[in-house]
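Report on the following structure.
Lettering of chains follows the sequences in order, A, B, ..., and the numbering in each one begins at 1.
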Protein chains: 2
Amino acid sequence: MGYNVMSATCPSRVVLHRIGARWTVFVVNALEDGPLRFTALVARIQGVTPKVLTETLRTMQEDGLLTRVDYAEQPPRVEYGLTDLGRSLLVPLRAVREWAEAHVPDILDARERARNPVSRPESEPTR
Amino acid sequence: MGYNVMSATCPSRVVLHRIGARWTVFVVNALEDGPLRFTALVARIQGVTPKVLTETLRTMQEDGLLTRVDYAEQPPRVEYGLTDLGRSLLVPLRAVREWAEAHVPDILDARERARNPVSRPESEPTR
DNA sequence: CTGGATCCTCAATGATACTG
DNA sequence: CAGTATCATTGAGGATCCAG
């Protein structure tokens, strides 16, 4: 109680920043069915580079969202999985992902309309 | 159907990127109770600069999430409000905000523990 | 006075290549 | 396989200036 993201100094601001960190939403969603190895994550989250994924995983691990298990084998095997906290974050972040996938046409249409001020009926003030 | 954020080339990727864009979640949550003026937004979302807020508002407007109404008065008055699409996005983004506000202690504790490898009982492999 | 636009700086992000 | 190292690019942030 008492935390408010609208306050510049509230710790929740930092937390929200971390959640929004570019690839966090992908990692959380990618791990929803269980732990994955580093390479499997890179393969599943297309477009992420090893460097950035490493940074993201480290940060999420520090924040208690991920477990990292190094099996110390040869060849190396490391598995990343969601903690309970990470799984609780999966609920809202899955909803965000689903919203994105569901509303692509709406966004693309709106963007197209913003670009082409097509036959605007008329009369509207100035936008 | 058919959109998948895990694909690097999927348009939903762009949409998700926009949603994650640093201040979008704040703007959407700030407008949940109705339209606000530019200055009111700056005041409510503490820490955002006019420049960055302007950019965020423009982008969100292009994406069809916001309406911008210029009343062409003297002194100037411009109001920003959520479109139906923006309101639908409010649902998942409010959940994210609430998660952030609710789990601040968990994150801070985890970070503290990651920094101080305090008396770990023992026996755990290496994590 | 409100709602910006501009210029500059720097931290985060990304591409590419290489290593234990 | 699981990352690092290096370099280029982008975007956020701060300060300042401008127009109605």
Side-chain angles (χ1 to χ4, degrees), chain A residues 5-9 13-27 30-31 35-63 66-81 125-127, chain B residues 5-9 13-27 30-31 35-63 66-81 125-127:
Chain A
V5 295
M6 296 303 174
S7 164
T9 58
R13 182 62 75 86
V14 181
V15 172
L16 192 49
H17 185 197
R18 291 295 183 81
I19 296 175
R22 195 79 176 86
W23 293 104
T24 301
V25 58
F26 293 97
V27 171
L31 293 176
L36 289 176
R37 302 174 63 167
F38 187 88
T39 312
L41 274 171
V42 174
R44 181 177 280 221
I45 308 173
Q46 292 180 21
V48 72
T49 62
K51 176 201 165 199
V52 173
L53 182 59
T54 299
E55 292 167 356
T56 304
L57 293 174
R58 289 246 197 290
T59 302
M60 292 177 65
Q61 193 189 341
E62 281 181 10
D63 287 353
L66 290 188
T67 59
R68 185 201 127 109
V69 181
D70 186 342
Y71 289 92
E73 296 175 356
Q74 206 54 245
R77 186 159 69 99
V78 179
E79 284 193 342
Y80 295 91
T126 336
R127 170 192 288 225
Chain B
V5 296
M6 296 303 175
S7 164
T9 57
R13 182 61 75 86
V14 181
V15 172
L16 193 49
H17 185 199
R18 293 295 182 84
I19 296 176
R22 195 81 175 83
W23 292 106
T24 301
V25 58
F26 293 97
V27 172
L31 293 176
L36 288 177
R37 300 176 63 168
F38 186 88
T39 313
L41 274 172
V42 173
R44 181 178 281 222
I45 308 173
Q46 292 177 23
V48 72
T49 62
K51 176 204 162 196
V52 173
L53 182 59
T54 299
E55 293 168 355
T56 304
L57 293 174
R58 288 248 196 290
T59 302
M60 293 177 64
Q61 194 188 340
E62 281 179 11
D63 287 352
L66 290 188
T67 59
R68 184 200 129 111
V69 181
D70 186 342
Y71 289 93
E73 296 175 357
Q74 207 53 243
R77 186 158 70 99
V78 179
E79 284 194 343
Y80 295 91
T126 333
R127 165 169 302 205

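- Counting only heavy atoms from C-beta outward, the side chains of Val5(A) and Phe26(B) approach each other to under 4.5 Å.
- Atom CZ in Arg68(A) sits about 8 Å away from atom C1' in dA2(D), given to the nearest Å.
- The separation between Gln74(A) atom CD and dC1(D) atom P is 12 Å, rounded to whole Å.
- Under the 3.5 Å distance criterion, the side-chain polar atoms of Thr24(B) are left unmatched by any main-chain donor or acceptor of Gly20(B).
- For the residue pair Ile45(B) and Val48(B), the shortest heavy atom distance occurs at O-CG1, 3.1 Å.
- Protein atom CG of Leu36(B) is 15 Å distant from nucleotide atom P of dT2(C), rounded to whole Å.
- With dA2(D), dG3(D), dG14(C) as the candidates, the nucleotide lying closest to the side chain of Pro76(A) is dA2(D).
- One atom, CD of Glu55(B), and another, P of dT6(C), lie 11 Å apart when rounded to the nearest Å.
- Scanning all heavy atoms of the two residues, the minimum distance from Leu36(A) to Ala30(A) falls at CD1-O, 3.6 Å.
- Side-chain atoms of Arg37(B) lie closest to dG3(C) of the nucleotides dA5(C), dG3(C), dT4(D).
- Put simply, the side chain of Arg77(A) never gets that close to the backbone of Asp70(A): no donor and acceptor are under 3.5 Å apart.
- Proximity of residues 43-51 of chain B to DNA chain D (heavy atom under 4.0 angstrom from any strand atom) is restricted to Thr49(B), Lys51(B).
- Rounded to 10°, the helix from dC1(C)-dG20(D) to dG20(C)-dC1(D) has 40° between the axis fitted to its first five pairs and the one fitted to its last five.
- Heavy atoms of Tyr71(A) sit nowhere under 4.0 angstrom from any nucleic acid atom.
- With dT4(D), dA12(D), dG3(C) as the candidates, the nucleotide lying closest to the side chain of Arg22(B) is dA12(D).
- Checked against dA2(D), dT2(C), dG3(D), the side chain of Thr39(B) finds its nearest nucleotide in dT2(C).
- When rounded to the nearest whole Å, the span between CZ of Phe38(A) and C1' of dT19(C) equals 14 Å.
- Summarising the geometry, the separation between NE2 on His17(B) and C1' on dA12(D) is reported as 12 Å, rounded to the nearest angstrom.
- To the nearest 0.5 Å, atoms CE (Met60(B)) and CD1 (Ile19(B)) are separated by 9.5 Å.
- In this structure, the side chain of Arg68(A) does not engage the main chain of Tyr80(A) through any donor-acceptor pair within 3.5 Å.
- Comparing dG3(C), dA2(D), dG3(D) by their nearest atom to the side chain of Arg77(A) picks out dA2(D).
- Nearest heavy-atom pair across Leu57(A) and Val27(A) is CD2-CG1, 4.0 Å.
- As rounded to whole Å, 13 Å separates atom C1' of dG13(D) from atom CZ of Arg13(A).
- Summarising the geometry, the separation between CG on Leu41(A) and P on dG3(D) is reported as 10 Å, rounded to the nearest angstrom.
- For dA12(C), neither phosphate oxygen OP1 nor OP2 lies less than 4.0 angstrom from any side-chain nitrogen or oxygen of Arg18(A).
- For Trp23(A), a side-chain nitrogen or oxygen approaches OP1 or OP2 of dG14(C) to under 4.0 Å.
- For Arg18(A), the salt bridge (Lys or Arg N to Asp or Glu O under 4.0 Å) partners two or more places apart in sequence, or in a different chain, are Asp63(A).
- The two residues Gln46(B) and Arg13(A) come nearest to each other via the heavy atoms O-NH2, 2.8 Å.
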